[in-house]
Amino acid sequence: AANVRWGKRMSSCVRFAEEMKDIRIESPSTPSFEVSQAISQNDEFEKSSVPLPTLSEKFRQTYEIRRAGFDDIKETSELSALVFDKELLDMSVETFPPPLQPMSRLLADATYWIIIKDYERSIKECLDRKIELAPKARQQALGMTSRYMRYALTKQNDGRMFNTLIAREKDSKKIVGTVYIYKFPAEALLPPPFPTTCPKRLYASTLAVHPDYRRQGIARELMQAAEKMAARWGQDYVYLHVLKDNIDAQFFYYNIGYEVVKEDPAWFPGERRLLLRKSVPAIKRKPLTQLPRINM
């Protein structure tokens, strides 16, 4: 461990040593007096310098995260289809013999268009339902004198707990990332439309980042925004599914604090998945006035 720490300090010292030109660099295990003195001077220089911005600060300088509105539905749907469906459709075209590939390409393009429209329809329906339920929920809550009854009513409005979060580049106004959060019976043994008695959990789905904008912390920032929204909604956990064979995605979710709850049974239709969840820290609220802010 000491050698690792010394190696990290040596990497910052090399630039300083090259500028001085008269410092003799030796092995990290046997540093010379000149190198030790250079490290000390370099440390003082770093302390006096302006601190570098963190990853979140750099992200906020370039991107912004907000809720998607009706004007963002089309671009958000195209991004989701591009990340999750476009590559599979292109691969399916290549499986056909060359004489049949033009026809298969037309079928793949038509399927891709249908998928985009399905994303658009789903997002619009959820936003419409959220707008429709909001006035009714407010009227019912205002008619209740007990804050505990109002809190219980607010938690039952599962239809209002939906948002599509988007990451948008500030300069180009281009949507480069998205994630959906909503209430969903994540522990159900069979997918919808099969009935289930499992309770609905706050669920994150379709985390997508444009291929040209990956490795910039966009996915991490989107998930952090989703977790903050879950806390404002009074939820204890955020659940999500990840394919069992998608090792890269699993590593990402483990790295940001998600844990495995269970695995799909062997008879589950489709590809096997892992159900993950992460605990959401509760937000301190005033005892009488602050309720979970669902309409956000």
- Task: Would you sort out whether Lys117 and Glu120 count as a salt bridge (Lys or Arg N to Asp or Glu O under 4.0 Å), showing the intermediate values?
- Result: CA-CA 5 Å; Lys117 292 302 178 182; Glu120 293 179 1; 3.5 Å; yes
- Task: Mind running side chain to side chain contact (heavy atoms under 4.5 Å, CB included) on Asp128 and Phe70 for me, showing each step along the way?
- Result: CA-CA 9 Å; Asp128 288 337; Phe70 287 96; 3.3 Å; yes
- Query: side chain to side chain contact (heavy atoms under 4.5 Å, CB included) between Lys130 and Asn163: does it pass, once the steps are laid out?
  - Reply: CA-CA 9 Å; Lys130 185 173 181 178; Asn163 263 326; 3.1 Å; yes
- Task: Assess whether side chain to side chain donor-acceptor pair (under 3.5 Å) is satisfied between Thr206 and Tyr119, documenting all intermediate values.
- Result: CA-CA 11 Å; Thr206 322; Tyr119 277 118; 5.3 Å; no
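Under the 30°/60° scheme for interplanar angles, the aromatic rings of Tyr253 and Tyr258 are found to stand perpendicular. The aromatic rings of Tyr203 and Phe184 sit tilted relative to each other, their planes meeting at an angle between 30° and 60°.
Between Asp90 and Tyr112, the closest side-chain pair of non-hydrogen atoms is not below 4.5 Å. Using a 4.5 Å heavy-atom threshold, the side chains of Leu222 and Ile65 count as touching. With a 4.5 Å cut-off on side-chain heavy atoms, Arg67 and Met229 count as touching. Annotation: side chain of Val83 is not in contact with side chain of His210 (no heavy-atom distance under 4.5 Å). The shortest side-chain heavy-atom distance between Arg201 and Arg277 does not fall under the 4.5 Å cut-off. No side-chain heavy atom of Lys58 sits under 4.5 Å from any side-chain heavy atom of Thr62. At a threshold of 4.5 Å between non-hydrogen side-chain atoms, the residues Pro211 and Leu82 count as touching.
Note that CG of Leu240 is 8.5 Å distant from CG of Leu207, once rounded to the nearest 0.5 Å. Between the CD atom in Glu221 and the CD1 atom in Ile256 there is a gap of 10.5 Å [rounded to 0.5 Å]. Here the CD1 atom belonging to Ile218 is positioned 5.0 Å from the CD atom belonging to Gln216, to the nearest 0.5 angstrom. Rounding to the nearest 0.5 Å places NZ of Lys74 at 12.5 Å from CD1 of Ile123. Between atom CD of residue Gln250 and atom CD1 of residue Ile247 there is a gap of 4.5 Å, rounded to the nearest 0.5 Å. The distance from atom CG of Asp236 to atom CG of Leu202, rounded to the nearest 0.5 Å, is 10.5 Å.
Nearest heavy-atom pair across Pro185 and Cys198 is CB-O, 3.9 Å. Shown here for Ala226 and Ile181, the closest heavy-atom pair between the two residues is CB-CG2, 3.6 Å. Listed here is the closest heavy atom pair of Glu187 and Lys262: O-NZ, 2.7 Å. When every heavy atom of Pro269 is checked against every heavy atom of Pro191, the shortest pair comes out as CG-CD, 4.2 Å. Of all the heavy atoms in Met223 and Ala204, the pair that sits closest is CE-CB, 4.1 Å. When all heavy atoms of Phe162 and Trp233 are compared, the closest pair comes out as N-CH2, 3.6 Å.
The local environment of CG in Asp71 is sparse, with at most 12 non-hydrogen atoms from other residues, nucleotides or ligands closer than 6.0 Å. Counting non-hydrogen atoms of other residues, nucleotides and ligands closer than 6.0 Å to CD of Glu259 gives a total of 12 or fewer. No more than 12 heavy atoms of other residues, nucleotides or ligands sit less than 6.0 Å from atom NZ of Lys124.
Thr76 places no side-chain N or O within 3.5 Å of a backbone atom of Ile73 that could act as its donor or acceptor partner. The closest donor-acceptor contact from the side chain of Lys183 to the backbone of Pro199 lies at 3.5 Å or more, if one exists at all. Asp264 contributes a side-chain N or O that, together with a main-chain N or O of Arg273, makes up a donor-acceptor pair within less than 3.5 Å. Remark: the backbone N or O of Leu165 is paired with a side-chain donor or acceptor of Thr178 at under 3.5 angstrom. Under a 3.5 Å cut-off, the side chain of Gln101 and the backbone N or O of Phe96 do form a donor-acceptor pair. Not one N or O on the side chain of Lys244 forms a donor-acceptor pair closer than 3.5 Å with the backbone of Glu263.
Ion pairing between Arg168 and Asp72 fails under the 4.0 Å rule for side-chain N and carboxylate O. A salt bridge does not link Glu125 with Arg129: every distance from a Lys NZ or Arg NE/NH1/NH2 to an Asp or Glu carboxylate oxygen is 4.0 Å or more.
Ile116 and Val93 fall into different hydrophobic clusters, defined by Ile, Leu, Val, Met, Phe, Trp and Tyr side-chain heavy atoms under 4.5 Å apart, directly or through other members. Under a hydrophobic-cluster definition in which Ile, Leu, Val, Met, Phe, Trp and Tyr are linked whenever side-chain heavy atoms come within less than 4.5 Å, directly or via other members, Val242 and Leu88 are assigned to different clusters. Note on Leu89 and Met91: separate hydrophobic clusters, where clusters join Ile, Leu, Val, Met, Phe, Trp and Tyr whose side-chain heavy atoms are under 4.5 Å apart, directly or indirectly. Val238 and Tyr254 end up in the same hydrophobic cluster when Ile, Leu, Val, Met, Phe, Trp and Tyr side chains are linked at under 4.5 Å. Residues Leu243 and Phe268 do not share a hydrophobic cluster, defined by chaining ILVMFWY side chains whose heavy atoms lie under 4.5 Å apart.
Test Arg220, Lys278, Arg232 against Glu227 for salt bridge (Lys or Arg N to Asp or Glu O under 4.0 Å) and you get one pass: Lys278. With Tyr180 as reference, Ser80 is the one residue of Ser122, Ser80, Ser205 to meet the side-chain hydrogen bond (donor to acceptor under 3.5 Å, both in side chains) rule.
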